[in-house]
There are 2 protein chains.
Amino acid sequence: MKFATLRDGTRDGQLLVVSRDGQRAVKATNISPTLQAALENWDAVVGDLQKLSDALNAGQAEGAFDVDVDQLEAPLPRAYQWLDGSAYLNHVELVRKARGATVPESFYDDPLMYQGGSDTFIGPTQDIAHKTEDWGIDFEGEIAIVTGDVPYQTSQEEAGQYVRLLMLVNDVSLRGLIPSELAKSFGFVVSKPPTVFSPFAVTPDELGDSWRDGKVWLPLEVSYNNEFFGNPDAGPEMVFSFHRLIAHVARTRPLGAGTIIGSGTVSNKDRSKGSCCLAEKRMIEKIDTGEFVTPFMKFGDRVRIEMKKDGQSIFGAIDQKVVKWDG
Amino acid sequence: MKFATLRDGTRDGQLLVVSRDGQRAVKATNISPTLQAALENWDAVVGDLQKLSDALNAGQAEGAFDVDVDQLEAPLPRAYQWLDGSAYLNHVELVRKARGATVPESFYDDPLMYQGGSDTFIGPTQDIAHKTEDWGIDFEGEIAIVTGDVPYQTSQEEAGQYVRLLMLVNDVSLRGLIPSELAKSFGFVVSKPPTVFSPFAVTPDELGDSWRDGKVWLPLEVSYNNEFFGNPDAGPEMVFSFHRLIAHVARTRPLGAGTIIGSGTVSNKDRSKGSCCLAEKRMIEKIDTGEFVTPFMKFGDRVRIEMKKDGQSIFGAIDQKVVKWDG
């Protein structure tokens with residue numbers, strides 16, 4: 001199944017079921033008003049949602065309409081929890097190498113993860129508006145899961161049963177504000193403004209055999225100002241699977257239904273695969289030439305993040321530009 | 001006004017209005033089903049809530065009943081955002097001094113703040129259940145505000161109008177898990193299990209002239225295993241006011257209604273005022289004697305956190321014990 005959230009002026013929007021090809025949608029609000037509500041009552045609603053999805057895919061859903069991505073919010077316009085891992089250690093290695101540091105051994109055994117702000121997310125084609133370019137605005141292409149209720153002390157082996165949905169992420173970062181926050185060790189607050197999610201959140205079965213072992217084995221396609229920027233494979237170099245990331249945080253607390261967990265910036269060692277954020281490209285430039293060359297985003301710059309299977313877009317595309325905040 | 005949330009088996013409970021003396025309550029669900037909903041529709045519901053509160057305080061509210069604190073959830077049983085500052089720098093100075101380090105100058109100008117997990121909070125008298133005492137279970141007595149919708153780029157001078165409610169906090173910490181998380185610089189995830197809030201969330205006017213300049217000018221009373229542990233004044237040594245903390249995070253993002261912002265562990269330089277967490281007491285022991293003496297919490301240990309004005313408990317008491325998780 002694919003889900004989306006229709007903007008309607010409320011804080012949580014209206015739940016839509018979307019066809020496999022991403023072209024048609026139908027309101028599912030008579031089953032569950034919102035995606036958050038569906039996640040909280042999953043066992044009770046999943047059967048009816050599946051029937052509606054099947055009818056839509058068969059062209060037989062009453063009230064179906066063409067998807068207009070610009071009318072979509074993030075699948076969860078806000079959430080009770082957004083945790084972001086950093087599971088592609090190649091990215092971490094490049095960041096460290098560029099500043100002449102090595103990666104501590106513990107990083108290969110103990111996942112990096114930060115708690116993100118989840119009260120306000122940005123829709124897939126909404127502008128990213130900020131006061132100044134001087135903050136070093138960057139995109140980060142990632143994958144995320146959405147969980148059901150996860151019990152305290154859930155193990156990696158048990159975690160798979162709690163993965164309800166997958167989405168793509170643009171984890172917008174303000175690079176110029178990160179060093180002073182990292183120096184304080186308390187994580188990212190000011191340097192991570194509202195995060196962006198793909199048009200559709202999909203159940204794992206939509207990925208077929210490309211969802212295995214708690215990882216997505218497909219390339220993440222990132223373009224920047226309409227040019228190729230990266231297409232690293234999200235599977236082979238994900239050091240910590242989503243199952244491992246769930247277990248990492250469930251060690252000391254339960255997770256509420258609707259918890260979002262991100263993969264961190266997807267990254268491959270093969271340089272021909274490009275990158276999923278400007279910072280990584282800059283790190284490679286620094287390592288190779290001693291200089292940062294590529295600037296961070298300027299007002300008007302666009303990023304597009306998408307993932308396809310057999311030529312078909314799975315999550316729809318995050319496709320948005322950075323603009324000057326006009327408040 | 002004072003609000004509380006009655007446990008009813010749902011995720012968000014039922015909104016109660018509580019009398020000024022904390023003894024009587026009445027359901028406010030015909031005005032707003034939950035406290036979160038009230039915060040989202042504040043201007044539309046505040047008048048009716050005030051009328052109900054006035055009637056309750058006059059002994060004239062229909063359906064009023066005696067408060068049973070054990071039936072109360074946290075005022076917000078879950079929230080879309082929980083940000084915790086560290087505004088009492090005496091606490092930070094002691095932590096640093098105990099390990100022979102100094103406090104960077106920037107700490108006096110740039111607030112420390114971390115993003116906390118907000119999907120699952122613990123009620124004021126609920127047990128804190130964990131798998132092992134070996135994690136170094138500690139309490140932290142704090143004050144928190146709850147905001148309405150705060151616009152992007154709200155300044156310190158503008159911030160006061162968005163403070164809707166105040167609460168007390170027990171920011172439970174797993175001290176043994178903190179060093180490895182701090183070393184990774186990504187903030188607290190595993191080392192900060194679910195947080196605890198006071199029975200009542202109150203509007204600022206309930207504090208009278210003890211709420212000034214975005215600070216609470218009253219002692220926070222902490223007892224541990226029924227003995228005095230600390231009663232530092234929360235006003236004079238709060239280096240960053242709540243208004244400043246709002247502006248700090250609103251610099252790069254708006255805050256959604258129902259955002260909770262904590263003060264950090266309340267702390268005074270005057271040692272006769274005691275402490276609001278075991279870690280601080282241990283730091284003082286280490287500075288004075290070279291040794292940590294007081295252990296962290298053992299299963300069965302109790303903490304009580306309360307604040308009074310003119311002898312009257314404002315928020316009700318957090319009063320709970322640590323137990324072994326029996327999952």
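The analysis underlying the following values was restricted to heavy atoms, covering all of them including side chains, and did not include hydrogens, waters or symmetry mates. In what follows, every chain begins at residue 1, and chains take the letters A, B, ... in the order their sequences are listed.
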- Heavy-atom distance under 4.5 Å to chain A: side chain of B:Ala257, backbone, both or neither? both
- Message: Out of B:Gly117, B:Ser180, B:Pro193, return the one with the most heavy atom pairs under 4.5 angstrom to chain A.
- Response: B:Gly117
- To the nearest 0.5 Å, how far apart are OH in A:Tyr114 and CD in B:Glu181? 15.0 Å
- With the side chain counted from C-beta on, respond yes when B:Thr120 and A:Arg253 share a heavy-atom pair under 4.5 Å apart, and no when they do not. no
- To the nearest 0.5 Å, what is the distance between OG (A:Ser86) and CZ (B:Phe186)? 5.0 Å
- Query: Relative to chain B, which segment of A:Ser118 carries a heavy atom at a distance below 4.5 Å: side chain, backbone, both, or neither?
  - Reply: both
- Between atom OG1 of A:Thr252 and atom CH2 of B:Trp325, what is the distance when rounded to the nearest 0.5 Å? 12.0 Å
- Query: What option among B:Asp84, B:Val189, B:Val249 has the most heavy-atom pairs under 4.5 Å with chain A?
  - Reply: B:Val189
- Query: What part of B:Trp82 gets closer than 4.5 Å to chain A, counting heavy atoms only: side chain, backbone, both or neither?
  - Reply: neither
- Query: Side chain, backbone, both or neither: which part of A:Asp110 has a heavy atom under 4.5 Å from chain B?
  - Reply: both
- Non-hydrogen atoms of A:Pro254 and B:Asp119 that approach each other most closely: O-OD2, 3.7 Å
- Message: Less than 4.5 Å to any heavy atom of chain B: does that hold for the side chain of A:Leu83, its backbone, both, or neither?
- Response: side chain
- Before accepting this row, confirm whether a basic side-chain N of the pair A:Glu40/B:Arg78 lies closer than 4.0 Å to the acidic partner's carboxylate O. yes
- Residue pair A:Arg251 / B:Leu177, side-chain heavy-atom distance below 4.5 Å: yes
- Greatest number of non-hydrogen atom pairs under 4.5 angstrom with chain B, of A:Met113, A:Lys192, A:Gln115, falls to A:Gln115
- Task: Measure the spacing between NZ of A:Lys184 and OG of B:Ser106 and express it to the nearest 0.5 Å.
- Result: 7.0 Å
- Under 4.5 Å heavy-atom distance to chain B, tell me which part of A:Leu182 shows up: side chain, backbone, both or neither. both
- Contact list (residues 145-153 of chain A to chain B, heavy-atom gap under 4.5 Å, by number) returns A:Asp149, A:Tyr152, A:Gln153
